[in-house]
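Take a look at the structure below.
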2 protein chains.
Amino acid sequence: MNDIIFKLSASYLKALSHPTRLKILDILKDEELCVCKIFEALELEQSNVSQHLRVLKDQGILVSRREGANIMYRVKDKDVFNIVNKVKEILIRQLNETQDLLEKEGD
Amino acid sequence: MNDIIFKLSASYLKALSHPTRLKILDILKDEELCVCKIFEALELEQSNVSQHLRVLKDQGILVSRREGANIMYRVKDKDVFNIVNKVKEILIRQLNETQDLLEKEGD
DNA sequence: TTATCATATTAGAAAATTCTAATATGTTTA
DNA sequence: TAAACATATTAGAATTTTCTAATATGATAA
């Protein structure tokens, strides 16, 4: 029963757990963009980016709408940035701590 | 260059993106426990749990120490719960919104 | 020191993810 | 309508993840 929330959480986190997908979120931080702009920014294959966009959309993290021949993507809810920013914070702190240790070692 | 932080973030998130590993964090929320208690609580194979513990430890999320024949695991930094709790929050809100939509549909 | 207990590691099969290349779909323009 | 453009989908190979079963390691107790 509570199993469900662990499973859903794991799926959500899995959708975020790829460098390209994190980059996509970063690119879409403040603006809605068409696929063409996104994969141009990433310098990756169109079909590859399309697949990553789908993962994020399936998870409800992105939404899309058609505008003429283009499909525009945007972040559905800015809350996702709470998560990715927090992760960044934790990692940066970890890196600093490691560095401090190494410096002490150097004495 | 900035690629590195995306890669590190993705690795961190990937370590979290498995139901069993989220359950382990939940079990270790407020206490340090030996492997025997952890896999008993999870009702999973010892070797399987041991492998999941390793993933979390390799990522720096858990730490362990020997106590006699036992190995005790604990969460290294409670910050990780900011992340998993935030995910839970987002998912619960999503579920509620979906439910609201379904109820409106029912009119 | 041998047996036992607790945990980790390894091997290998099955499943899932990721990427590229090719193709399909839907839109606009000529 | 045909050609060109934007995006999605599919197929298939390579890689990674996950699990189970078996074995190894290391600590304690007999």
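Chain letters run A, B, ... following the sequence lines, proteins first and then strands; every chain starts at 1.
Of the possible polar contacts, none joining the A/Ser9 side chain to the A/Phe6 backbone as a donor-acceptor pair under 3.5 Å is found. Remark: side-chain polar atoms of A/Asn70 are not paired, donor with acceptor, to backbone N or O of A/Met72 under 3.5 angstrom. Proximity of a side-chain donor or acceptor of B/Arg21 to a complementary backbone N or O of B/Ala15 within less than 3.5 Å is detected. Between the A/Lys29 side chain and the A/Lys78 main chain, no donor and acceptor come within less than 3.5 Å of each other.
Between chain A and DNA chain C, the heavy-atom contact criterion of under 4.0 Å yields a 5' to 3' nucleotide range of C/dT17 to C/dT28.
DNA chain C lies under 4.0 Å from at least one heavy atom of each of the following residues of residues 40-62 of chain B: B/Gln46, B/Ser47, B/Ser50, B/Gln51, B/Arg54.
Summary of the strand contacts: B/Val35 and A/Lys14 both lie near DNA chain C, and taking for each the nucleotide with the nearest heavy atom, the more 5' one is attributed to B/Val35.
Here the straight-line distance linking atom CG of B/Leu53 with atom CG of B/Asn48 works out to 9.5 Å at 0.5 Å rounding. Rounding to the nearest 0.5 Å places NE2 of B/His18 at 9.5 Å from CD1 of B/Ile24.
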Evaluation steps, salt bridge (charged side-chain N to carboxylate O under 4.0 Å, His left out), between A/Lys23 and A/Asp26: CA-CA 5 Å; A/Lys23 281 185 206 170; A/Asp26 193 55; over 6 Å; no
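The distance from atom CG of B/Asn70 to atom C1' of D/dG26 is 12 Å, rounded to the nearest whole Å. One interatomic measurement links the two molecules: CD of B/Glu67 to P of D/dG26, which rounds to 19 Å at whole-angstrom precision. If you take CG of B/Leu16 and P of D/dT18, they are 12 Å apart, rounded to a whole angstrom. Rounded to whole Å, atom P of D/dT7 lies 7 Å from atom CZ of A/Phe39.
Residues passing the salt bridge (Lys or Arg N to Asp or Glu O under 4.0 Å) test with A/Glu45, sequence neighbours excluded: none.
B/Tyr73 comes within contact range of the sugar-phosphate backbone alone, with a heavy-atom separation under 4.0 Å but no base atom that close.
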